[in-house]
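All values derive from a computational prediction rather than experimental measurement. When reading the values below, keep in mind they use all heavy atoms of this one structure, side chains included, and skip hydrogens, waters and symmetry mates.
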Amino acid sequence: MAADALDFYIVDVFAESKYAGNQLAVVRGGAALSTEEMQQIALEMNYSETTFIISDEEQDGGYDVRIFTAHEELPFAGHPVLGTAYILQREVVGISFEQITLNLMVGPIPVTFTYSGGLPDVLWMQQRPPVYGEQASALSVAEALNLDVADIDERFPAQTVSTGSPFLVVPLKTLDAVQRARPNVERYLQVAHDAGARWLFIFAPETYHPENQLNVRMFAVESNGTILEDPATGSANGCLAAYLAHHRYFGSESINVRVEQGYEIKRPSLIMLRTERDGDDLIVRVGGKVFMVATGKLV
């Protein structure tokens, strides 16, 4: 295989400490691999996503990166962006800098760095301009999640939002409702399809920890009936930030909140969301910490 002696790294993204958050495999030297080999490596790694740094040299103002799940290539995903940017800073460039750009299938995604003790602290990615799509009824999303209609916060719509990947954002009233949510696979897939969304993303303004403002949860439901839960979802949280700003959930378009995810599966994660206006554009940023877990070589 062309992958001989390629370096790879395992990192925890959106983690408050090592062995929390969402794990990611990052492979360096992707130019030596075919698309089929990248897909096979992602399958063997068996993380939610595996990224490939195509070259150690900048191209068109950024670093070319490809993102794969075990079964497909993705145009964009949140925690792979932050995790790969972290590896680019520490292992490829090797010097402190304020910003780096990743060239993805969806387009260039800038990542901004803050530092603590010389090491990267919180990384922030600026997501694509939000696009607001279809809405779904409270009844349909309640049926898709095996919840009561009374659990849905009908002050705000369930609406598809995309900042690179589309999610149907569903407002719930309580943390208890978030905990009780369980996908009805057939209804879940139908509601997501009708709304033009990849998956449903639920949230509530009650949290496990008082310093956080929202608790969120996302089930990745596949057409074969497989249900997986993601401990931290940067792309969906970017959609959430745009949703909160658009509907003035906190009374303003300017958002600066801490979001917890993954507690139900014992992978507690912290995602930070910010939005601001720049003329006609809404700027959406998603932030979090990254920790190195392991390094190795593909042989």
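Taking 4.0 Å as the cut-off between side-chain N and carboxylate O, Arg285 and Glu276 count as a salt-bridged pair. Between Asp281 and Arg277, none of the side-chain N atoms (NZ, or NE/NH1/NH2) sits under 4.0 Å from a carboxylate O, so this pair counts as no salt bridge. Between Arg180 and Asp151 a salt bridge is recorded (basic side-chain N to carboxylate O distance below 4.0 Å). Salt bridge status for Glu72 with Arg198: present, with a side-chain N to carboxylate O gap under 4.0 Å. Using a cut-off of 4.0 Å between Lys/Arg side-chain N and Asp/Glu carboxylate O, Lys297 and Asp7 are scored as salt-bridged. Salt-bridge formation is not detected for the pair Asp194/Arg187: no Lys NZ or Arg NE/NH1/NH2 atom is positioned less than 4.0 Å from an Asp or Glu carboxylate oxygen. Between Glu91 and Arg28 there is no salt bridge, since no side-chain nitrogen of the basic residue lies less than 4.0 Å from a carboxylate oxygen of the acidic one.
A side-chain donor from one of Thr84 and Thr51 sits under 3.5 Å from a side-chain acceptor of the other. Using modelled atom types, one finds no donor on one side chain facing an acceptor on the other under 3.5 Å when comparing Glu253 with His246. A donor-acceptor contact closer than 3.5 angstrom is absent between the side chains of Gln261 and Asn22.
Centroid-to-centroid, the aromatic rings of Phe219 and Tyr188 stay 6.0 Å apart or farther.
Ile87 pairs with exactly one of Val93, Thr295, Ile53 by the side-chain contact (heavy atoms from CB on, under 4.5 Å) rule, that one being Ile53.
Between Tyr208 and Tyr263, the ring planes are parallel. Angles under 30° get that label, and only those over 60° would be called perpendicular.
Applying the ring-ring contact (aromatic ring centres under 6.0 Å, His included) test to Phe250 and every residue at least two apart in sequence or in another chain returns nothing.
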Legend entry - Full working for side-chain contact (heavy atoms from CB on, under 4.5 Å) between Met272 and Asn237: CA-CA 9 Å; Met272 290 164 260; Asn237 272 286; over 6 Å; no
